[in-house]
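Written out below as structure tokens is the structure these notes cover.
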Amino acid sequence: MSESILQRIAAGEAKAVQECIDQYSRLVWSIARRFAPSAAEAEDAVQEVFLDIWKSASRFDPDRASEKTFVAMVARRRLIDLLRRRERRPQLTALPENFDFPDDEQERLEISVEASMAARALKVLKPEQRQVLVLSVYHGMSHGEIVESTGMPLGTVKSHIRRGLAEIREALGEEPSVDLGSSRKGEKRSTKGTPEAPGRKRSSASGRRDGGEEIP
Amino acid sequence: MSTVLHRRLQELFAMRATQGLDAAECRELEGILKVHPDWDDEGFDLAAAALDLALQSPPSELPTALQQRLQAQARSWTPPPAGSR
């Protein structure tokens, strides 16, 4: 199998750096425009994000995530950091109240396998959990801002985010890195390229999570 | 690991993936991971990134000036030598 762009960057191939821009600049720009308070800051952030991507290329593990998801993760980290430094909220980008995802499975798969899995996992969450997660992940709102916006208690907001992300992580086939009585590092189960993640078994941690916690 | 610590760690990972950590939370997470380095993972970060991708509208084109700056940056950036990963 041929190496991915990031693997080639990690191997020192200069041409792959340019390919990385060709492939992912629009994606990074989209995330930056949503998070950054202004277009000028978004432009600066995009340059910083690409430096981060190239420097962290060797950390990319194709068995854990697609390259696109990894790039989005690195971009989000840099932009979350930017927001914290600026102590300013992003401009809210409109997301229809009754938003939906592409019905066409192929269209969703073209975004990334993980995006398709995440979309499906989000759909089955409780409406209030879904709302909080979208405000947090898509709109980049802080927990405090979500409290102001929804009127939910802070503990509930935190709990919805934590549980919602845990659900999506599990849908992606990620094992929790920590388990009561275990210290095994998180690994992805073999779901690569299989949106249905067939045969995935629920971990004992997920059983505890669903059964043992209360929303404060 | 205690249930309380487990939940707190999950909370810190979830915060890191969404709004970031403040200085005290960073120190707290670093303190836990210093004792248990194997407990760090990017599961919540990847979950947030995947959800972000799922919710995105079609990406828009970059401003031309930014595209040119990126290309110049790519030309001047030197990848690490092979094998140094």
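Expressed to the nearest 0.5 Å, how far CD of B:Gln56 lies from CZ of A:Arg34 amounts to 5.0 Å. For the atom pair CE of B:Met15 and OG of A:Ser136, the computed distance is 11.0 Å after rounding to the nearest 0.5 Å. In this structure, the separation between CE on A:Met117 and CG on B:Leu51 is 14.0 Å, given to the nearest 0.5 Å. Taken from CD in A:Gln18 to CG in B:Leu70, the straight-line distance is 9.0 Å, to the nearest 0.5 Å.
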Legend entry - Check against side-chain contact (heavy atoms from CB on, under 4.5 Å), B:Gln10 and A:Leu165: CA-CA 10 Å; B:Gln10 276 207 332; A:Leu165 284 179; over 6 Å; no
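Of the atoms belonging to B:Ala65, not a single heavy atom falls under 4.5 Å from chain A. With a threshold of 4.5 angstrom between heavy atoms, B:Arg16 approaches chain A through its backbone and through its side chain.
Chosen from A:Asp81, A:Val17, A:Leu133, the residue pairing most often with chain B at heavy-atom distances under 4.5 Å is A:Val17. The greatest number of non-hydrogen atom pairs below 4.5 Å with chain B, out of A:Val74, A:Val28, A:Ile21, is found for A:Ile21.
By the 4.5 Å heavy-atom criterion applied to side chains, B:Glu42 and A:Arg59 are counted as neighbours. At least one side-chain heavy atom of B:Gln73 sits under 4.5 Å from a side-chain heavy atom of A:Leu51. Side-chain contact between A:Glu43 and B:Leu62: absent, with no pair of heavy atoms (C-beta onward) separated by less than 4.5 Å. At a threshold of 4.5 Å between non-hydrogen side-chain atoms, the residues B:Thr18 and A:His143 count as touching. Between B:Arg69 and A:Val46, every side-chain heavy-atom pair lies at or beyond the 4.5 Å cut-off.
Distance alone, capped at 3.5 Å, places no donor-acceptor pair between the A:Arg169 side chain and the B:Leu46 backbone. A donor-acceptor pair under 3.5 Å links the side-chain atoms of A:Arg84 to the main chain of B:Gln19, judged by distance alone.
A salt bridge does not link A:Arg76 with B:Asp45: none of the charged nitrogens is closer than 4.0 Å to a carboxylate oxygen.
Between A:Leu172 and B:Ala50, the closest heavy-atom pair is CD1-CB, 4.0 Å. Across all non-hydrogen atoms, the minimal contact from A:Ile80 to B:Gly20 is CG2-N, 3.4 Å. Nearest heavy-atom pair, B:Glu61 versus A:Trp29, reported as atom, atom and distance to 0.1 Å: O-NE1, 3.4 Å. For A:Ile161 against B:Ala14, the heavy-atom pair with the smallest separation is CG2-CB, 4.4 Å.
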